Amino acid sequence: MVLTGDDIDERMSLEHKLATEFEMKDLGPLQYFLGIEIAISQDGIFLTQRKYTLNLLSEIGMLACKPAEIPIEMNHTLEIYPNQVEADIRRYQRLVGRLIYLSHTRPDIAYAVGIVSRFMHSPSEDHMKAVYRILR
């Protein structure tokens with residue numbers, strides 16, 4: 001459970017009431033939650049998945065890749081075509097799933113991830129290239 005709020009007395013009272021019913025442990029200020037890093041400053045609360053992204057890129061060998069300016073080609077022609085060269089479906093699904101999770105803090109890739117997620121049941125090499133472009 002994460003407790004937040006500006007009223008310290010009210011928060012302490014709630015913590016005390018919860019501690020009488022449940023076993024609790026104070027882990028201090030929130031810094032990392034479900035793979036999302038949280039930074040709190042005077043300017044606000046900032047969420048990032050930097051570590052998650054670096055781990056993903058490192059895992060697939062793209063850590064030193066050249067970044068793409070936009071996550072998907074304009075006027076893309078991604079569809080399912082007859083006689084398409086099939087991609088590894090398990091790898092495709094895993095990468096797209098990780099991109100879906102990453103899009104929580106990266107709304108700039110949400111549209112492109114939505115497009116590639118349409119082909120989870122029958123990905124082609126062209127679809128996999130689009131996934132790699134999003135990763136770049």
Side-chain angles (χ1 to χ4, degrees):
M1 174 184 293
V2 177
L3 294 177
T4 63
D6 293 334
D7 189 343
I8 294 173
D9 292 332
E10 188 176 324
R11 198 170 76 212
M12 295 300 281
S13 172
L14 178 60
E15 279 184 40
H16 179 70
K17 288 178 184 175
L18 289 172
T20 61
E21 295 292 324
F22 306 100
E23 184 177 331
M24 291 180 45
K25 185 176 184 181
D26 187 357
L27 299 175
L30 182 64
Q31 294 177 345
Y32 201 76
F33 186 72
L34 297 176
I36 300 174
E37 298 169 60
I38 294 97
I40 302 170
S41 73
Q42 291 178 340
D43 296 329
I45 299 172
F46 300 93
L47 307 176
T48 180
Q49 289 178 296
R50 183 179 184 277
K51 183 178 177 186
Y52 181 85
T53 305
L54 291 173
N55 287 343
L56 173 57
L57 292 174
S58 177
E59 183 181 309
I60 61 173
M62 292 183 66
L63 198 54
C65 69
K66 180 181 175 186
E69 289 187 28
I70 56 175
I72 196 167
E73 292 180 16
M74 294 182 68
N75 303 317
H76 65 84
T77 57
L78 293 175
E79 293 292 333
I80 294 178
Y81 296 107
N83 304 323
Q84 67 184 10
V85 178
E86 292 185 13
D88 180 354
I89 191 167
R90 297 184 86 200
R91 180 173 173 83
Y92 185 85
Q93 290 173 344
R94 185 169 188 277
L95 288 174
V96 172
R98 293 184 77 178
L99 284 171
I100 290 169
Y101 186 68
L102 184 60
S103 68
H104 289 95
T105 58
R106 293 290 309 268
D108 59 320
I109 66 169
Y111 173 76
V113 172
I115 295 296
V116 297
S117 68
R118 295 177 187 172
F119 309 105
M120 297 282 262
H121 61 285
S122 182
S124 71
E125 286 298 320
D126 289 338
H127 301 133
M128 187 62 91
K129 286 178 187 174
V131 167
Y132 286 133
R133 181 183 179 105
I134 297 168
L135 288 163
R136 289 190 11 238

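Worth saying up front: this structure is predicted, and the values here are computed from it rather than measured.
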Peer 1: To the nearest 0.5 Å, how far apart are CG in Leu95 and CD1 in Ile100?
Peer 2: 11.0 Å
Peer 1: Taking the side chain as everything from C-beta on, heavy atoms only, tell me whether Gln93 gets closer than 4.5 Å to Pro123.
Peer 2: no
Peer 1: Could you work out, with side chain to side chain donor-acceptor pair (under 3.5 Å) as the rule, every residue matching Thr53, not counting sequence neighbours?
Peer 2: none
Peer 1: Examine Lys51 relative to Tyr32 and say whether NZ or CZ is less than 6.0 Å from the centre of the six-membered ring and inside a 45° cone about the ring axis.
Peer 2: yes
Peer 1: Verify whether one side chain among Gln49 and Thr105 offers a donor that lies under 3.5 Å from an acceptor in the other.
Peer 2: yes
Peer 1: Between CG of Leu57 and CE of Met62, what distance do you get to the nearest 0.5 Å?
Peer 2: 6.5 Å
Peer 1: In this structure, are over 12 heavy atoms from other groups packed under 6.0 Å from His121 atom NE2?
Peer 2: yes
Peer 1: Could you list the residues that satisfy side chain to side chain donor-acceptor pair (under 3.5 Å) with Ser103, not counting sequence neighbours?
Peer 2: none
Peer 1: Please check this pair: side chain of Ser117 against backbone of Gly114, looking for a donor-acceptor N/O pair closer than 3.5 Å.
Peer 2: yes
Peer 1: Is any side-chain heavy atom of Glu37 less than 4.5 Å from a side-chain heavy atom of Tyr52?
Peer 2: no
Peer 1: Give a yes or no on whether Met120 and Leu135 share a hydrophobic cluster (residues Ile, Leu, Val, Met, Phe, Trp, Tyr; joining criterion: side-chain heavy atoms under 4.5 Å apart).
Peer 2: yes
Peer 1: Could you go step by step and tell me if Arg94 and Glu59 meet the salt bridge (charged side-chain N to carboxylate O under 4.0 Å, His left out) rule?
Peer 2: CA-CA 12 Å; Arg94 185 169 188 277; Glu59 183 181 309; 2.5 Å; yes
Peer 1: For Glu73, is the CD atom crowded, meaning more than 12 foreign heavy atoms sit under 6.0 Å from it?
Peer 2: no
Peer 1: As an exercise, state the distance from CG of Leu47 to CD1 of Ile40, rounded to the nearest 0.5 Å.
Peer 2: 9.5 Å
Peer 1: Rounded to the nearest 0.5 Å, how far does NE2 of His104 lie from CD1 of Ile36?
Peer 2: 7.0 Å
Peer 1: Can you tell me how far CZ of Phe46 sits from CD1 of Ile38, rounded to the nearest 0.5 angstrom?
Peer 2: 13.0 Å
Peer 1: Give the minimum heavy-atom separation between Tyr92 and Phe119, together with the two atoms involved.
Peer 2: CE2-O, 3.7 Å
Peer 1: Does Leu102 share a hydrophobic cluster with Phe33, counting links as ILVMFWY side-chain heavy atoms below 4.5 Å and allowing steps through other members?
Peer 2: yes
Peer 1: Looking only at side-chain N and O atoms, does His127 offer a donor or acceptor that is under 3.5 Å from a partner on Ser124?
Peer 2: yes
Peer 1: Would you say that Met128 contacts Arg91 through its side chain, given a criterion of any heavy-atom pair below 4.5 Å between the two side chains?
Peer 2: yes
Peer 1: If you take all heavy atoms of His76 and Tyr111, which pair is closest and at what distance?
Peer 2: NE2-OH, 3.7 Å
Peer 1: Could you tell me if the side chain of Pro67 sits less than 4.5 Å from the side chain of Arg136, heavy atoms only?
Peer 2: no
Peer 1: Taking the hydrophobic residues Ile, Leu, Val, Met, Phe, Trp and Tyr, and joining any pair whose side-chain heavy atoms are under 4.5 Å apart, which ones share a cluster with Met74?
Peer 2: Ile70
Peer 1: Determine whether Asp108 and Arg106 satisfy the following criterion, salt bridge (charged side-chain N to carboxylate O under 4.0 Å, His left out), listing intermediate values before the conclusion.
Peer 2: CA-CA 5 Å; Asp108 59 320; Arg106 293 290 309 268; 2.6 Å; yes
Peer 1: Linking I/L/V/M/F/W/Y whenever their side-chain heavy atoms sit closer than 4.5 Å, directly or via other members, would Ile45 and Leu30 fall into one cluster?
Peer 2: yes
Peer 1: Is there a path of hydrophobic side-chain contacts, each under 4.5 Å between heavy atoms of I/L/V/M/F/W/Y residues, joining Tyr132 to Leu54?
Peer 2: yes
Peer 1: When you compare the side chain of Ile134 with that of Val96, does any pair of heavy atoms fall below 4.5 Å?
Peer 2: no
Peer 1: Please name the pair of heavy atoms, one in Ile109 and one in Leu99, separated by the smallest distance, quoted to 0.1 Å.
Peer 2: CD1-O, 4.2 Å
Peer 1: Rounded to the nearest 0.5 Å, what's the gap from CG on Asp88 to CZ on Arg90? Could you check?
Peer 2: 8.0 Å
